[in-house]
*Asks:* 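Sharing a structure below in structure tokens format, with a few things to ask.
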Amino acid sequence: MSDFRKKCISCERVIGTFAAIPNPVAIEVAAAAGLDFLCIDAEHSQIDRELVENLVRAADVHRVPAMVRVPGHAPEWIQTVLDAGAAGVLVPRVSTAAQARAAVAATRYPPIGERGVGPGRASGYGYRIPDYLASANESLVLSIQIETAEGLANVDEIVAVEGVDVIFIGPGDLSVSINAMGPPGAEKLNAAIITIADAARKAGKAVGIFRPSADDVGRWAGVGITFFMLASDTMFLGASLAAGVAAAHNA
Ligand code: 3PY
Ligand code: MG
């Protein structure tokens, strides 16, 4: 089993960030920051299949596990990022147990799933197919996002799906979907997050969440969340640049 999956499923705290800048320079800078993992965001940034492989390659040089958030549920996307050598996938907008089962099927080789065998980068371009087949199912991390009202309603069935490693809460989409936006919606959103976290922990699954900053990581760790996606490279760039400019103006 990979060290990364071991940490995730044993609920050790792991801190990652979204890689949204479509250039390996940003991966190298982020990888030097002491992160436990990176998550290349192919859902909300302009990162396509070929670039995914080069970004994963850059993370590998620095020995930081790189997951990929795929744009949707298509098994073709899940397969291609895993063939590129991603350490796992984050599948957005999973709202039913059937969608969760489909994500498992796309991520795992038989007999657990239906992933196809190919001579991609992950298997040494074909030179290490038997070794890769023997280790991939237990080394790759599958995280699915619950971030819709439908997903919240179906949470107990979703978290029970075998083969899913981390239940990841997307507070942005969830807040829009359940009409709990901004400060007036905070109580409702927090209650929904706790419902999902409790259900996942009861089912023996690790729980993850996106946080725009580290300010409330301790609070969410208190409800059993251990997999934290801390902002993104673009957000860190913007926040520290803005702070630096403000400080220079005021110096
Ligand atoms: C959300 O907040 O909707 C997310 O997907 C964050 O990862
Ligand atoms: Mg989302």
Side-chain angles (χ1 to χ4, degrees), residues 5 8-9 11 16 18 20 37 39-45 47 52 67-82 86 88-108 112-115 140-182 184-212 220 223-229 232:
R5 181 156 183 265
C8 289
I9 65 177
C11 295
F18 278 124
F37 71 100
C39 186
I40 297 162
D41 189 6
E43 184 196 17
H44 283 305
S45 63
I47 293 175
V52 162
M67 307 179 71
V68 177
R69 177 158 72 175
V70 287
H73 298 176
E76 293 83 359
W77 251 99
I78 293 175
Q79 173 159 314
T80 199
V81 305
L82 295 178
V89 282
L90 178 60
V91 181
R93 308 183 74 80
V94 172
S95 299
T96 65
Q99 290 171 348
R101 281 193 294 272
V104 174
T107 307
R108 310 292 186 202
I112 299 171
E114 293 164 6
R115 183 179 166 196
L140 299 173
V141 172
L142 171 58
S143 180
I144 59 170
Q145 290 195 237
I146 296 187
E147 52 180 349
T148 62
E150 191 187 4
L152 178 62
N154 292 328
V155 64
D156 289 325
E157 297 94 83
I158 295 172
V159 300
V161 172
E162 232 175 289
V164 172
D165 298 313
V166 182
I167 301 296
F168 185 83
I169 302 161
D173 276 308
L174 189 59
S175 71
V176 172
S177 185
I178 65 172
N179 193 20
M181 283 161 291
E187 208 175 307
K188 187 175 177 188
L189 178 62
N190 291 346
I193 291 171
I194 290 167
T195 298
I196 297 168
D198 284 352
R201 293 301 305 128
K202 252 187 232 138
K205 299 284 199 299
V207 191
I209 195 166
F210 174 81
R211 297 316 300 152
W220 291 115
V223 303
I225 297 179
T226 51
F227 178 106
F228 289 95
M229 196 79 74
S232 66

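Position 1 is the first residue of the sequence, and the numbers go up from there. Note that the structure is predicted; figures quoted are calculated from it, not measured.
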*Asks:* Measuring only between side-chain heavy atoms, which start at C-beta, is I196 closer than 4.5 Å to L152?
*Replies:* yes

*Asks:* How many angstroms lie between CG in L189 and CD1 in I194, if you round to the nearest 0.5 Å?
*Replies:*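 That separation rounds to 10.0 Å.
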
*Asks:* Quick one: closest heavy-atom pair of M67 and S143, and the distance?
*Replies:*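 What the structure gives for the nearest pair is CE-CB, 4.1 Å.
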
*Asks:* Locate the shortest heavy-atom distance separating P171 from I193; write the atom from each residue and the value.
*Replies:* CB-CD1, 4.4 Å

*Asks:* State the CH2-CD distance between W77 and E43, to the nearest 0.5 angstrom.
*Replies:* 11.0 Å

*Asks:* Of all the heavy-atom pairs spanning A197 and I225, show the shortest one and how long it is.
*Replies:*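 It is CB-CG1, 4.3 Å.
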
*Asks:* Can you list everything that forms a side-chain contact (heavy atoms from CB on, under 4.5 Å) with R5? Sequence neighbours excluded, please.
*Replies:* M1, S2, I9, R108, E138, V141, D165

*Asks:* Quick one: does any side-chain atom of K205 pair with a main-chain N or O of I167 as donor and acceptor, under 3.5 Å?
*Replies:* no

*Asks:* Kindly determine whether V89 and R69 satisfy side-chain contact (heavy atoms from CB on, under 4.5 Å), including the steps that lead there.
*Replies:* CA-CA 6 Å; V89 282; R69 177 158 72 175; over 6 Å; no

*Asks:* For the residue pair I169 and V207, establish whether any side-chain heavy-atom pair is separated by less than 4.5 Å.
*Replies:* yes

*Asks:* Please determine whether side-chain contact (heavy atoms from CB on, under 4.5 Å) holds for the pair C11 and R201, giving the CA-CA distance in whole Å, both sets of side-chain angles, and the decisive distance to 0.1 Å.
*Replies:* CA-CA 10 Å; C11 295; R201 293 301 305 128; 3.5 Å; yes

*Asks:* To the nearest 0.5 angstrom, please state how far the NZ atom of K202 sits from the CG atom of D156.
*Replies:* 7.5 Å

*Asks:* Would you indicate whether the side-chain heavy atoms of R93 and E147 approach each other to under 4.5 Å?
*Replies:* yes

*Asks:* Evaluate the side-chain proximity of W220 to N190: yes if any heavy-atom separation is below 4.5 Å, no if none is.
*Replies:*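 The answer is yes, as the side chains (C-beta and beyond) meet within the 4.5 Å cut-off.
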
*Asks:* Is there side-chain contact between L90 and V68, with heavy atoms separated by less than 4.5 Å?
*Replies:*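 Heavy-atom side-chain distance check fails, nothing below 4.5 Å.
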
*Asks:* With rounding to the nearest 0.5 angstrom, report the CD to OG1 distance, E114 to T107.
*Replies:* 11.0 Å

*Asks:* When you compare the side chain of H44 with that of P71, does any pair of heavy atoms fall below 4.5 Å?
*Replies:*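 When only atoms from C-beta onward are counted, H44 and P71 do not touch, as no gap falls below 4.5 Å.
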
*Asks:* Run the side-chain contact (heavy atoms from CB on, under 4.5 Å) test on R211 and M229 for me, step by step, so that the C-alpha distance in whole Å, both residues' side-chain angles and the decisive distance to 0.1 Å come before the verdict.
*Replies:* CA-CA 6 Å; R211 297 316 300 152; M229 196 79 74; over 6 Å; no

*Asks:* Got a sec, which residues hit side-chain contact (heavy atoms from CB on, under 4.5 Å) with Q99, two or more places apart in sequence or on another chain?
*Replies:* H73, V94, S95, T96

*Asks:* Are L82 and T80 packed together at the side-chain level, in the sense that at least one heavy-atom pair is separated by less than 4.5 angstrom?
*Replies:*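 L82 vs T80: side chains apart.
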
*Asks:* Under the side-chain contact (heavy atoms from CB on, under 4.5 Å) criterion, do I144 and F168 qualify, and how do the steps go?
*Replies:* CA-CA 6 Å; I144 59 170; F168 185 83; over 6 Å; no

*Asks:* Taking all non-hydrogen atoms of both residues into account, name the closest pair between A42 and I47 and its distance.
*Replies:*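 Where A42 meets I47 most closely, the heavy atoms are CB-O, 3.8 Å.
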
*Asks:* Work out which heavy atom in G151 is nearest to a heavy atom in I158; give both atom names and the distance.
*Replies:*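 Minimum heavy-atom separation between G151 and I158: O-CD1, 3.7 Å.
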
*Asks:* Heavy atoms, side chains only, cut-off 4.5 Å: are D173 and F210 in contact?
*Replies:*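 D173 vs F210: side chains apart.
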
*Asks:* How close do P92 and G72 get, heavy atom to heavy atom, and via which atoms?
*Replies:*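 For P92 versus G72, the nearest heavy atoms are CD-O, 4.1 Å.
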
